[in-house]
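Right, one structure below, let's go through it.
In what follows, residues are counted from 1 in the order of the sequence shown. All values below were derived from every heavy atom in this structure, side-chain atoms included, with hydrogens, water molecules and symmetry-related copies excluded.
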Amino acid sequence: MCGGEVIVIRADGITADLETGGQPLVDAASGGSPQPTVQADAGFLIGKRYELGNDSGTRLEVMVTRAGGGPLIYGGQPLTTSQAKTLPASD
């Protein structure tokens, strides 16, 4: 596979697999290792959060613990990098 690892932070209304490189990500405990079918142009970066939300109530948020090749895709839509939330001033 791409060698990347993610932790799922939020998965509301999820009914399909999270994919990268044209293949679903596999649970690390399962020991599976499918080969990607698509050459990835852009990878996902360690420490970054990626998210997908839409009007149908589906919300997916993951955090990358090991960088990998290929975009993260759910239901044919690429996940986007989450923007950092502004914290209130502590003045």
* Asked: From L79 CG over to L18 CG, what is the distance, rounded to the nearest 0.5 angstrom?
  ->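 The distance works out to 6.0 Å.
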
* Asked: Distance from R10 atom CZ to R49 atom CZ, nearest 0.5 Å?
  ->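 These two atoms lie 10.5 Å from each other.
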
Quick one, [X] and [Y] - any side-chain contact, counting heavy atoms below 4.5 Å?
| X | Y | answer |
| --- | --- | --- |
| Y74 | T15 | yes |
| V6 | F44 | yes |
| E51 | T80 | yes |
| L25 | D17 | no |

Are [Y] and [X] co-members of a hydrophobic cluster defined by side-chain heavy atoms under 4.5 Å apart?
| X | Y | result |
| --- | --- | --- |
| L72 | L45 | yes |
| M63 | I14 | no |
| L52 | I9 | no |

* Between Y50 (side chain) and I73 (backbone), is there a donor-acceptor pair under 3.5 Å? ->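 Judged by distance alone, no pair lies under 3.5 Å.
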
* Test item: T20 side-chain N/O and G69 main-chain N/O as donor-acceptor pair under 3.5 Å ->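 Judged by distance alone, yes, a pair lies under 3.5 Å.
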
* Under 6.0 Å from the CZ atom of R66, do we count more than 12 heavy atoms belonging to anything else shown? ->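 Counting other residues, nucleotides and ligands, CZ of R66 stays at 12 neighbours or fewer.
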
* Asked: What are the two closest non-hydrogen atoms of E61 and S82, and how far apart are they?
  ->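 What the structure gives for the nearest pair is OE2-OG, 4.3 Å.
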
